[in-house]
4 protein chains.
Amino acid sequence: MSAKELKKNNIIENALKLFSKKGFYNTTIPDIAKAMKMSVGNMYNYFASKEELAKYAIKYSTNILANQLKEINHKQISSKEKIFLFTKQYLENVKNSPEVIEYFLRVYLSNREVFAQGCEGFLCVSEFVTEVMILLDEGAQSGEFREQEFFTAFSMIMGCLGGFAFLSGEKVLDKDLIEYSNSISENIYRALKSDKA
Amino acid sequence: MSAKELKKNNIIENALKLFSKKGFYNTTIPDIAKAMKMSVGNMYNYFASKEELAKYAIKYSTNILANQLKEINHKQISSKEKIFLFTKQYLENVKNSPEVIEYFLRVYLSNREVFAQGCEGFLCVSEFVTEVMILLDEGAQSGEFREQEFFTAFSMIMGCLGGFAFLSGEKVLDKDLIEYSNSISENIYRALKSDKA
Amino acid sequence: MSAKELKKNNIIENALKLFSKKGFYNTTIPDIAKAMKMSVGNMYNYFASKEELAKYAIKYSTNILANQLKEINHKQISSKEKIFLFTKQYLENVKNSPEVIEYFLRVYLSNREVFAQGCEGFLCVSEFVTEVMILLDEGAQSGEFREQEFFTAFSMIMGCLGGFAFLSGEKVLDKDLIEYSNSISENIYRALKSDKA
Amino acid sequence: MSAKELKKNNIIENALKLFSKKGFYNTTIPDIAKAMKMSVGNMYNYFASKEELAKYAIKYSTNILANQLKEINHKQISSKEKIFLFTKQYLENVKNSPEVIEYFLRVYLSNREVFAQGCEGFLCVSEFVTEVMILLDEGAQSGEFREQEFFTAFSMIMGCLGGFAFLSGEKVLDKDLIEYSNSISENIYRALKSDKA
DNA sequence: TATGAATGAGAATTCATTCAT
DNA sequence: TATGAATGAATTCTCATTCAT
């Protein structure tokens, strides 16, 4: 990876943190530049606009999630175990790299106008969506999961996890995040599993 | 209700629509004034600031949801039926009054800074949260639902519904929203129900 | 004329002076606001953009020239006298209201990109062009002027006058502008007149 | 000519094209560097500033015109024929090397501030002005032209030609440029010629 | 109550120029 | 000579809020 590529990634990481903490519109380019100890003008040598940076950031953060899930999908374990593993992983992200999850929830989902051009459909998050699809398809094929439409299952899994991430951000939970892992997995698994499983 | 109160409500409804469609930061006071056919200055006779208006709007829209759920909670039906009814109702909202749901998802959840002072905890949405609590408590007491912590159940229900509302907004669903009602209810119910139920 | 209209005109006049003196790109909105003793933001309550202001300015200044020439055209005098009168008038403008002429020469003619949308063809200067056309047509019909294509005659008249206005701006002339009036008129008239005249 | 001199000329030619097409302020040093397939920094090894480059460009383009006119002046033909020849030559330039003419009209004449220091008076275009002077003086001495002040005659010739070049740039002419050559020459010649001629 | 002109701080973005390599 | 990352001041435009009427 070239020095320029490395710096681009570095900017993305800083932007990710700031965007997720303060929101897209409350994060200014000078904010990001300051975090980078870089001049404002130089930022534009790396990204043509704040929007472009936001689009790179969603791809970057989604890739992290996609890779984690892909690794889980590759394991020789039951779909139930995959659900439990992914849930745990997700909550650990919320705990340790909250910006990755929060960016998705608070920036990507809420600022459609920013991602309208260039991220149509699921274009910028497709790698992750694909892995969820694989998880669900394999579960259904093995008979572990009920047959159901993708979107209802998808919104169950991600809504459940995303909703909990929000609660965590609201600081209303009294226990450590990870302790909720089994309960949440259980909810998701029960919703998905076939009656014979 | 006084004439002033009526006008306030009218402003809130217009603001709700604009905020949910364009986001908090892309909706200007002149935008809202224009929708109201009212002068900018006069707006400030009703609300002290844009933020205050946003806070009134979250209370207003949450009340609609709370009242709907309260009515369902009062019915003499099983908890399962309540889940199915609420889900249907929610999806009908998404279809017919999208601003109520979208405001919650795209403005309230994503712009923490706006609601930081005055809506701490669940202050501005407490009526609705309370009704969900009642739904869950009664289900647990009757033995229909498993015992589980409130927050895991809450985030499952609302995440599931909210997630689907997002998908609907993304225009990726090919069927009419209402047709998904049973599948979604089924997922939620299965996640909640006790093994004996 | 409403107070707002009056103020708009006042802004146009100030902009005209600044644009013509310093050029379009070296005149900033704060410059114009300062000349108006008005805040920058308020400027935008009158004109949506710097470009829009520049377009209003060309119409405003062209109208002045058009009205002067129209008055001359209405007189019951020979075409030769009209040429002499118009030339004198034009040079008096250069001397007393240089911004009107300079704006045309230094802003309108040179910054095509600014006037590209909205002033296509001669849209923003058509009233003046029309009067020149009338002057030439009537001279040709009365037999005073040779028959010739409009554009060759037009560019001769306006090039001759505009060129001299430039020289005046360059401060290379040693006599008072008005003293050149007859020589210039003579040149223009000789170029136009028919051999029998 | 040294390799460095050659490259300088090459830069000037590219700058001439870009400046005349997009204007001085809309042409950036990176634009010119890109056209040269050269780095931005290296540009500054050849020209100390954008303004200096613009000054070299006016000298370069004026020299082209000056040399053309000088050659015509050296011919053993009547002044009338010289006028006709120069006009034709000028229009051919407009057609085939528009940048040379447009640079003069759209950059040099309109951005006084750029050429203020270093091109005072006619310093940067003096070679060309001198040749026009020679053309006029010889015509007057031979009795072909009327006696008249240099500046009135100069603005007639160059205004007439420049004005037509502008019209050509505006794309309002329906015939090929060269076809207007005789009419324009005729206008200029009639304006200048003595009554006995 | 109602109007809308006025304010001014702050946003994103641009670009001539420099300089370490 | 050549590169292109880095600087930072400057520019246009926006908008919540105020206030005289």
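Remember, it's a predicted structure, so these values are computed and weren't measured experimentally. All values below were derived from every heavy atom in this structure, side-chain atoms included, with hydrogens, water molecules and symmetry-related copies excluded. Lettering of chains follows the sequences in order, A, B, ..., and the numbering in each one begins at 1.
- Atom CG in C/Asn42 sits roughly 15 Å away from atom P in F/dC13 (whole-Å rounding).
- For B/Lys50 and F/dT18, the NZ to P distance is 15 Å, given to the nearest whole Å.
- Taking a pair as Watson-Crick or G-U with both hydrogen-bonding distances under 3.5 Å, the stems of three or more pairs touching DNA chain E are E:2-21 with F:2-21.
- The closest donor-acceptor contact from the side chain of D/Tyr103 to the backbone of D/Ala54 lies under 3.5 Å.
- Proximity note for B/Tyr46 (side chain, C-beta onward) versus E/dA2, F/dT7, E/dA6: the nearest is E/dA2.
- Within residues 19-40 of chain D, the residues approaching DNA chain E are D/Thr27, D/Thr28, D/Ile29, D/Pro30, D/Val40, by heavy-atom distance under 4.0 Å.
- The backbone N or O of D/Phe24 lies less than 3.5 Å from a partner atom in the side chain of D/Lys50, making a donor-acceptor pair.
- For the residue pair D/Thr28 and D/Asp31, a side-chain donor N or O sits within less than 3.5 Å of a side-chain acceptor on the partner.
- For the residue pair C/Asn111/C/Tyr25, the side-chain donor-acceptor check at 3.5 Å is not satisfied.
- The closest donor-acceptor contact from the side chain of B/Ser20 to the backbone of B/Lys17 lies under 3.5 Å.
- The neighbour count for B/Lys22 NZ, taken as heavy atoms of other residues, nucleotides or ligands under 6.0 Å away, is above 12.
- Residue B/Ser49 places its side chain closer to F/dT17 than to any other of F/dT17, F/dA2, F/dA6.
- Rounded to an integer number of Å, the gap from CG of A/Leu6 to P of F/dA5 is 14 Å.
- Atom CG of D/Asn10 and atom P of F/dA2 are 12 Å apart (whole Å).
- Here the side chain of D/Ser2 pairs a donor or acceptor atom with the backbone of D/Glu5 at under 3.5 angstrom.
- In this structure, B/Lys55 is not positioned above the aromatic face of B/Phe115 in the sense of NZ or CZ being under 6.0 Å from the six-membered ring centre and within 45° of the axis.
- One finds no side-chain N or O of C/Lys7 lying less than 4.0 angstrom from the OP1 or OP2 phosphate oxygen of E/dA5.
- Contact check, C/Tyr44 against F/dC13: a side-chain N or O comes under 4.0 Å of OP1 or OP2.
- Protein atom CE of B/Met43 is 18 Å distant from nucleotide atom P of F/dC19, rounded to whole Å.
- One atom, CG of D/Asn45, and another, C1' of F/dT3, lie 10 Å apart when rounded to the nearest Å.
- Residue C/Lys4 has a polar side-chain atom (N or O) positioned under 4.0 Å from OP1 or OP2 of E/dA5.
- Heavy atoms of other residues, nucleotides or ligands lying less than 6.0 angstrom from NZ of C/Lys59 number more than 12.
- Within 4.0 Å of A/Phe47, counting heavy atoms only, lies no atom of the nucleic acid at all.
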